[in-house]
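Only one structure is covered here, and it is reproduced in the block below.
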There are 2 protein chains.
Amino acid sequence: MPATTVPQRRESALSRERIVDAAIALLDATGEQGLTFRALSERLATGAGAIYWHIDNKHALLMAACDAVVARAVNAPAAEAKPADKIRSVALGLFEAMDAHPWAGAALSRAGGQLPVVRILESLGQQVRALGIPDAWQWSTTSALMSYILGVGGQNAAHAQLARQQGFDRTDTMTEVSQAWLQLDQDTYPFTRSMASSLPRHDDRADFLAGIELILRGMASQDPR
Amino acid sequence: MPATTVPQRRESALSRERIVDAAIALLDATGEQGLTFRALSERLATGAGAIYWHIDNKHALLMAACDAVVARAVNAPAAEAKPADKIRSVALGLFEAMDAHPWAGAALSRAGGQLPVVRILESLGQQVRALGIPDAWQWSTTSALMSYILGVGGQNAAHAQLARQQGFDRTDTMTEVSQAWLQLDQDTYPFTRSMASSLPRHDDRADFLAGIELILRGMASQDPR
DNA sequence: ACCTGAACACCGTTCAAGT
DNA sequence: ACCTGAACACCGTTCAAGT
């Protein structure tokens, strides 16, 4: 028992972790534009400026929230799986995380070399290596995989945001988009028009996984250069 | 000579097109956060609220700006090329457009079923069809291609934005990112660390094209299901 | 029909002042 | 060391009023 004990924090004491948790809850509840320092500080029963003692700025807050979501998704896969299966599993975990937290999909799709993206890169890169992809191609292969995953996340986030501001669910929103596509000119948009009617019935998750298989097949068929 | 002639507009008259052109110039000059109605109306020598007569809101303005950029990029490819070459050419055109206009990369990566994205979808989808991909796979194949392209655009936009706010050029920014990656823990980030040192020397364009080849190879190797 | 520009209801961020 | 909350410098958008 040392004389100087670490001062016990009150249950309500602020901390970076509590702030990030509250931010995630707020983002889930009110969407990307619902995250404001005023709303967040109210939720934390503190002053608006207090948060700045623990977090640099709004961008850092959003990245920290993304990082928490990504970390959970990426650490999920079982250790014994084969490399290709691990890639499938990490990819699906990220898809579902971004589906559950569309704001994360939107933020990650433009998160550059930031920590949450590095987490994804590492997780995929290790498996690309384990698959025996030659050194010279590991980078471009891993980035391609990641860009695809984040690209899907970004597009889905847009759909989710559209749905939110319409007050619709996903199917209704997709029906709306489908209607709009059917108005397009037949001659200049033949492909889009032909896809329009089946759009609301598509399984996003299955489409996403089909894209992963496409890339995995490309990786399997050798021919560097 | 009809008695009622269409009133000749003054050179300085506002129009949707002039507004969008000015917005693109402003975005190129000052980045995504530089586009404000105040700055734009000053550039157009008009009142802040006047723009709302021609454009619904800021999101519509940004989409219109993206659409102009995308339309130029997508209409470029020569008509006689083979489908796979056309895909390469459209993809590269989009890459370069998003490289020249990072704000477009950022906006498109989260643009859902909006018009500029439809333009890309159509352009890619027509070639996917021409390649003979079976009906059941045309959608997932085309979306995968597009998600990859937009994913890369989003990530590059983040790098460009980081560079802008640092006042650095791309190489300096990548050197900075590389340094940060070298600080990561060796045991948890072996892949990222091993890639860090060569990061600033990478050719983004070549990496992007390698990803397109990966997907094209996956498309070529049959095996539906 | 088209434009003006003040006004409104917000933002993120700072910072003197408190404990 | 940590927190408060008013203040600052912005935003997007609206709208009465003009031409």
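Order of the sequence lines fixes the chain letters, A, B, ..., with proteins taken first and strands second; residue numbering starts at 1 for each chain.
Remark: P of D:dC11 and CG of B:L26 are 11 Å apart, rounded to the nearest angstrom. As a whole-Å value, the separation of A:H59 NE2 from C:dC11 C1' is 17 Å. Atom CZ in A:R38 sits about 14 Å away from atom P in D:dC8, given to the nearest Å.
Residue B:L35 is in sugar-phosphate contact alone, with no base atom involved, counting any heavy-atom pair closer than 4.0 Å across all strands shown.
Across all strands shown, D:dC10 forms no Watson-Crick or G-U wobble pair with both key distances under 3.5 Å.
Side-chain atoms of B:L162 and B:V177, non-hydrogen and from C-beta on, do get closer than 4.5 Å to each other.
The nucleotide whose nearest atom lies closest to any side-chain atom of A:T36 is, among D:dT13, C:dC11, C:dT14, C:dC11. When the nucleotides D:dG12, C:dC3, C:dG12 are ranked by their closest atom to the side chain of B:H54, C:dC3 comes out on top.
DNA chain D is contacted by both A:G47 and B:N57; A:G47 maps to the nucleotide lying nearer its 5′ end (nearest heavy atom per residue). Taking the nucleotide of DNA chain C with the nearest heavy atom to each of B:I51 and A:G49, the more 5' of the two is matched to B:I51.
Between A:W53 and D:dC2 there is a side-chain polar atom (N or O) within less than 4.0 angstrom of OP1 or OP2.
The aromatic rings of A:Y148 and A:F208 sit parallel, their planes meeting at an angle under 30°, below the 60° perpendicular limit.
For the atom pair OG1 of B:T188 and CD of A:Q126, the computed distance is 9.0 Å after rounding to the nearest 0.5 Å.
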request  = Report the C-alpha separation of B:T173 and B:Q166 in whole Å, then their side-chain angles, then the decisive distance to 0.1 Å, and conclude whether the side-chain hydrogen bond (donor to acceptor under 3.5 Å, both in side chains) test is met.
outcome  = CA-CA 8 Å; B:T173 301; B:Q166 283 176 162; 3.3 Å; yes

